[in-house]
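Taking it in order: structure first as structure tokens, then the write-up.
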Amino acid sequence: HNYHLSIQTGLNGLSMCILDTIRNKYIGLRHYRIAEDLDENKGSALITILENDDLLQLSYKNVSNLVVNEKNTIVPEPFFDENKKKDIFHLNQQMSSDAIILVNKLTNSGVFNVFSFPKKLQKKLTSVFPEIKTFHRSSPFLEHLVHESVKWARPKCFVLINKTTIDIGLAQLKKLEFYNSFDYRENSDIIYFRSEEHTSELQSPCN
């Protein structure tokens with residue numbers, strides 16, 4: 001009961017690590033690779049892992065799940081309405097019938113991060129770990145960026161490289177100036193994104 005369990009559910013499988021909160025030391029790390037990409041209709045493989053892994057059958061002090069997908073959008077706090085979170089999500093994203101909408105309130109960034117997650121998988125996670133906290137992959141990225149910017153007199157650029165997307169964020173003086181996520185196929189796309197026009201737009205604030 002002194003251990004914290006961190007789970008990451010994403011495009012290529014499930015990862016987990018166990019932190020001993022007394023000694024502040026990680027004592028376990030495990031990864032399951034899933035050949036096919038995970039989308040709203042392919043949560044069954046991860047559910048099987050949750051049902052059979054020995055470490056996931058234990059009790060923990062607390063549990064968190066980091067969702068790795070591209071299905072999210074952020075909205076400034078003054079414009080967020082809990083009753084309209086689906087409408088907000090649909091402004092930029094499409095959602096399958098087997099998904100639910102989850103929300104992270106980002107205190108440092110002053111925004112709400114609205115994202116989708118497979119309904120069956122979330123139901124299974126909450127049945128195993130009723131107090132589990134679920135976060136989108138971009139939430140800690142944004143919060144860390146803004147937190148670190150408290151003494152930055154001019155904007156600094158952070159880049160988070162994922163399997164098929166890159167996240168780009170700019171902040172200064174604890175204010176989020178810019179955030180967006182871009183798809184890429186080849187490593188060279190990170191530098192030359194789609195066209196020279198896009199590249200120039202991205203390079204300028206990141207210098």
Side-chain angles (χ1 to χ4, degrees), residues 1-19 21 26-75 77 80-107 109 111-143 160 162-165 167 181:
H1 295 289
N2 295 323
Y3 296 162
H4 171 78
L5 173 66
S6 296
I7 302 172
Q8 177 177 288
T9 49
L11 297 175
N12 62 343
L14 182 147
S15 302
M16 68 181 86
C17 61
I18 300 172
L19 173 68
T21 60
Y26 285 99
I27 62 170
L29 178 65
R30 187 172 289 177
H31 174 69
Y32 292 94
R33 187 176 185 275
I34 298 176
E36 71 272 14
D37 284 349
L38 170 70
D39 60 25
E40 272 69 351
N41 299 313
K42 296 179 181 176
S44 58
L46 295 185
I47 291 175
T48 300
I49 295 170
L50 289 167
E51 293 175 339
N52 293 281
D53 183 88
D54 57 323
L55 295 178
L56 295 175
Q57 309 308 311
L58 304 175
S59 298
Y60 294 91
K61 180 179 180 180
N62 41 49
V63 183
S64 61
N65 173 36
L66 188 71
V67 177
V68 180
N69 65 24
E70 294 81 36
K71 302 289 187 177
N72 79 299
T73 188
I74 62 172
V75 59
E77 186 173 351
F80 179 74
D81 185 340
E82 176 70 24
N83 298 321
K84 297 181 179 180
K85 59 185 180 182
K86 283 189 177 182
D87 295 331
I88 293 172
F89 180 83
H90 287 150
L91 290 174
N92 294 321
Q93 303 285 353
Q94 292 183 342
M95 184 179 71
S96 76
S97 58
D98 190 37
I100 59 171
I101 297 296
L102 301 175
V103 178
N104 295 153
K105 181 180 180 181
L106 308 185
T107 304
S109 308
V111 300
F112 282 85
N113 197 355
V114 185
F115 60 100
S116 69
F117 192 60
K119 186 184 303 180
K120 292 180 181 178
L121 185 53
Q122 179 67 4
K123 184 178 180 179
K124 183 62 181 180
L125 283 166
T126 54
S127 69
V128 178
F129 306 110
E131 303 298 324
I132 191 170
K133 296 182 179 179
T134 302
F135 304 91
H136 190 266
R137 63 169 171 79
S138 59
S139 293
F141 171 74
L142 290 170
E143 287 292 79
L160 177 63
N162 305 287
K163 184 179 180 181
T164 59
T165 62
D167 295 335
S181 180

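Computed from a prediction, not measured in an experiment: that's the story for all the values here.
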Spatial distance of atom NE2 (His136) from atom OG (Ser116) [nearest 0.5 Å]: 7.5 Å

Distance, nearest 0.5 Å, that separates CE of Met16 from CG of Asp53: 4.0 Å

Sole candidate of Asn104, Asn92, Asn113 that passes side chain to side chain donor-acceptor pair (under 3.5 Å) when paired with Asn72: Asn113

Positive for side chain to side chain donor-acceptor pair (under 3.5 Å) with Ser15, one of Arg30, Arg33, His31: His31

pair Pro140-Leu66: side-chain heavy atoms closer than 4.5 Å: yes

Close side-chain approach of Val114 to Phe80, heavy-atom, < 4.5 Å: yes

From NE2 (His1) to CG (Asn62), nearest 0.5 Å: 12.0 Å

Sub-4.5 Å side-chain heavy-atom contact between Leu58 and Ile18: no

Heavy-atom side-chain proximity of Phe112 to Glu77 below 4.5 angstrom: yes

Student check: side-chain heavy atoms of Pro118 and Lys120 closer than 4.5 Å: no

Greater than 12 external heavy atoms within 6.0 Å of Tyr26's OH: no

Pairwise side-chain contact, Leu55 with Tyr3, heavy-atom cut-off 4.5 Å (strictly under): no

Distance-only side-chain donor-acceptor flag, Asn2 / Thr21, under 3.5 Å: no

CD1-NZ distance between Ile100 and Lys85, expressed to the nearest 0.5 angstrom: 8.0 Å

Enclosure of Gln57 CD (heavy-atom neighbours >12, cutoff 6.0 Å): yes

Side chain Glu131, main chain Val63, donor-acceptor under 3.5 Å: no

Beyond-backbone contact of Lys71 with Met95, side-chain heavy atoms, under 4.5 angstrom: no

Minimal non-hydrogen separation, Ser181 against Asp167, with atom names: OG-OD1, 3.0 Å

Euclidean distance, Phe115 CZ relative to Ser139 OG, rounded to 0.5 Å: 6.0 Å

Side-chain heavy-atom pair Leu56, Phe129 within 4.5 angstrom cut-off: yes

Intermediate values then yes/no, side-chain contact (heavy atoms from CB on, under 4.5 Å), Val75 and Lys84: CA-CA 12 Å; Val75 59; Lys84 297 181 179 180; over 6 Å; no

Reported CD1-to-OH distance for the pair Ile132 and Tyr60, which is rounded to 0.5 angstrom: 11.5 Å

Minimum-distance pair of heavy atoms, taken over all atoms of Ser64 and His4: OG-NE2, 3.2 Å

Gly13 to Leu46 - nearest heavy-atom pair and separation: C-CD2, 3.9 Å

Matching residue for Leu121 among Ile47, Leu14, Asn65 - test: side-chain contact (heavy atoms from CB on, under 4.5 Å): Ile47

Non-hydrogen atoms of Thr48 and Asn52 that approach each other most closely: O-ND2, 2.6 Å

